[in-house]
Amino acid sequence: MAQIINTRSPFYIKAENASLATATLLIYIYEGAFQSSPPSSDLKYTISKSELENNNQVVFEISELVRDYIDVKYDGEYDSYCVWVRTSVIMLNSSGIIIGSPLNTNYIAFDGYGYFEEGVNPEPSRSLLQSNEIMYRPEDGNINIPIFAEDTNSVAYYNNGTLVRSQTITDNDNTNQKIQYISVSGNSDNATYEERVLEDGGTLESSRCLEQFLNYLDIGKVDKIVVGYDTDAGSAAHVIKVRNLDCSIYDPIRVTFVNKYGALQDLWFDKKSVNSIEVQSSDYKSSVMNLSSLTYDTSAHQNRVLDLVGKESITMNTGYIDESFNEVFRQLMLSEQVWMTRLTDKEEVLPLRPKTQSLQFKTRTNDKLVNYTVEFDFAFDKINTIR
């Protein structure tokens, strides 16, 4: 069982011995199947440090080095992004003689982080890779739940107390499936009926009849999901309650972000959304005089625009949700990568950046009803400036 490294927080490795003068750290980083002895081609860093103040110890911090090899992407598909890390610490005394055998340790690294309150090298959840145990979805909408396959063993789906479906979670020790996404529809990549149509190469034409049909269709109706996992003390389970979003005149928008655990997490905004655009430019004054005729064209621009760029924003509202989503919104605000999925005649995944820089957490005691409004910038210029 490999310890998890959260690469957005510091991760420390300590070498200590009464005769220690110098320590050399070898860091192997690789993807794919686990290897007890990775080849030299996977050796990414060799670092040597001397002890300080005759305390016979050396401390290395490696998370930033490891994070260079994790690149989380999202294009509508929910993939596993993590790497294996093997460290080998060689200790030497003041004469340059190796002390004992190298200290070899294997880790698995995610693009996650720990909170200050959790202390040094915090060990996150080893089963459910999200903080909330209440989830919302549109009617016939899918939900994707990230799990750590190494310790998760089973998932059961219930509706009104009846077992609808179950599945066994297996782990083959390959990074491409360490993070798995379970879904009520059985396919984590398609969240709605419309997405399933587009995925199959179909054509989507909006109509009133289709909207009414979709309001009565729900192929993945569940109200409880039980995620079973193994612990040192035996077996345990997370119980996730699934709630359908209230009917709304607005089209639900799915926002996907990298959460605290380094996994992709979905968040639905199903109330009013507003799009806006902001432009920036430089101005200069152009000469419009025709010196030959000493006339000028009154329809010509004397004040002209240079380097005009535009950026669009979107403001979204969640509707009323459980106050446990305070933690979800904390992680959304702290995420470095956010996307939204938009359906036109095709599925578009567009990168976002939270423009809202301050968010007050709400509770039912203080606010009665919990609703969040968040403004996002689209993380690209509206005019294509890619060169």
Side-chain angles (χ1 to χ4, degrees), residues 1-17 20-52 57-75 77-93 96-114 118-124 126 129 146 148-151 171-180 258-264 334-337:
M1 180 183 293
Q3 184 177 354
I4 293 175
I5 297 176
N6 287 307
T7 58
R8 286 186 62 189
S9 289
F11 190 88
Y12 297 98
I13 294 175
K14 183 178 179 181
E16 188 172 18
N17 188 281
L20 179 65
T22 304
T24 298
L25 173 66
L26 284 67
I27 306 176
Y28 298 81
I29 304 173
Y30 61 97
E31 297 179 353
F34 172 76
Q35 302 177 63
S36 57
S37 298
S40 58
S41 58
D42 291 327
L43 177 61
K44 300 300 190 293
Y45 302 98
T46 300
I47 306 169
S48 294
K49 292 180 68 175
S50 299
E51 61 152 350
L52 297 176
Q57 63 182 27
V58 172
V59 176
F60 299 92
E61 198 285 295
I62 68 169
S63 62
E64 289 186 0
L65 302 175
V66 175
R67 195 183 185 208
D68 287 342
Y69 291 86
I70 303 177
D71 184 16
V72 181
K73 299 178 180 178
Y74 177 70
D75 58 2
E77 297 186 0
Y78 296 77
D79 297 321
S80 174
Y81 292 97
C82 55
V83 294
W84 292 111
V85 179
R86 179 180 174 85
T87 61
S88 181
V89 180
I90 301 171
M91 295 185 291
L92 300 93
N93 62 22
I97 299 174
I98 296 177
I99 304 170
S101 300
L103 305 177
N104 299 320
T105 311
N106 293 299
Y107 305 94
I108 189 165
F110 298 131
D111 193 34
Y113 55 86
E118 295 172 324
V120 176
N121 296 357
E123 181 77 65
R126 296 188 61 91
L129 297 182
F148 185 41
E150 187 170 305
D151 291 336
D171 173 33
N172 62 11
D173 260 351
N174 194 304
T175 54
N176 64 12
Q177 55 81 69
K178 280 293 182 178
I179 301 177
Q180 296 184 22
V258 181
N259 68 12
K260 174 188 177 186
Y261 305 97
L264 297 167
L334 293 173
S335 180
E336 295 182 347
Q337 292 181 278

Can you name the side chain to side chain donor-acceptor pair (under 3.5 Å) partners of Gln180, sequence neighbours left out?
-> Gln177
Between [X] (side chain only) and [Y] (backbone N and O only), is there a donor and an acceptor less than 3.5 Å apart?
X      : Y      : answer
Ser80  : Ile179 : yes
Glu61  : Ser63  : yes
Asp79  : Lys73  : no
Ser335 : Val258 : yes
Trp84  : Asn106 : no
Asn121 : Tyr12  : yes

Taking the six-membered ring for Trp, are Phe148 and Tyr261 ring centroids under 6.0 Å apart?
-> no
In Å and rounded to the nearest 0.5 Å, what is the [atom1] to [atom2] distance from [X] to [Y]?
X      : Y      : atom1 : atom2 : value
Tyr45  : Asp68  : OH    : CG    : 4.5 Å
Lys178 : Asn172 : NZ    : CG    : 8.0 Å
Thr87  : Ile5   : OG1   : CD1   : 7.5 Å
Tyr81  : Leu264 : OH    : CG    : 7.5 Å
Thr175 : Phe34  : OG1   : CZ    : 12.0 Å
Asn93  : Glu51  : CG    : CD    : 11.0 Å

Is it true that atom NZ of Lys49 has more than 12 heavy atoms of other residues, nucleotides or ligands lying nearer than 6.0 Å?
->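 More than 12 within 6.0 Å, yes.
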Can you tell me if CD on Glu64 sees more than 12 non-hydrogen neighbours from other groups inside 6.0 Å?
->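 No.
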Of all the heavy-atom pairs spanning [X] and [Y], show the shortest one and how long it is.
X      : Y      : result
Leu92  : Thr24  : CD1-OG1, 4.3 Å
Asn6   : Lys260 : OD1-O, 4.3 Å
Glu16  : Gln57  : OE2-OE1, 3.5 Å
Pro146 : Asn259 : CG-ND2, 4.5 Å
Gly114 : Pro122 : CA-CG, 3.9 Å

So do the side chains of [X] and [Y] get within less than 4.5 Å of each other, counting heavy atoms only?
X      : Y      : value
Met91  : Leu103 : yes
Tyr113 : Glu336 : no
Lys44  : Ile27  : no
Phe11  : Val85  : no
Tyr30  : Val83  : no
Asn104 : Arg86  : yes
Ile47  : Ile62  : no

Side-chain ion pair, Asp111 and Arg8, N-O less than 4.0 Å |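 Looking at Arg8 together with Asp111, the answer is no, because their closest N to O distance does not fall below 4.0 Å.
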Sort and list the pairs that fulfil salt bridge (charged side-chain N to carboxylate O under 4.0 Å, His left out) and have at least one residue in residues 25-38, not counting sequence neighbours.
-> none
State which residue, out of Val58, Thr46, Val89, Ile90, fulfils the side-chain contact (heavy atoms from CB on, under 4.5 Å) condition with Leu25.
-> Val89
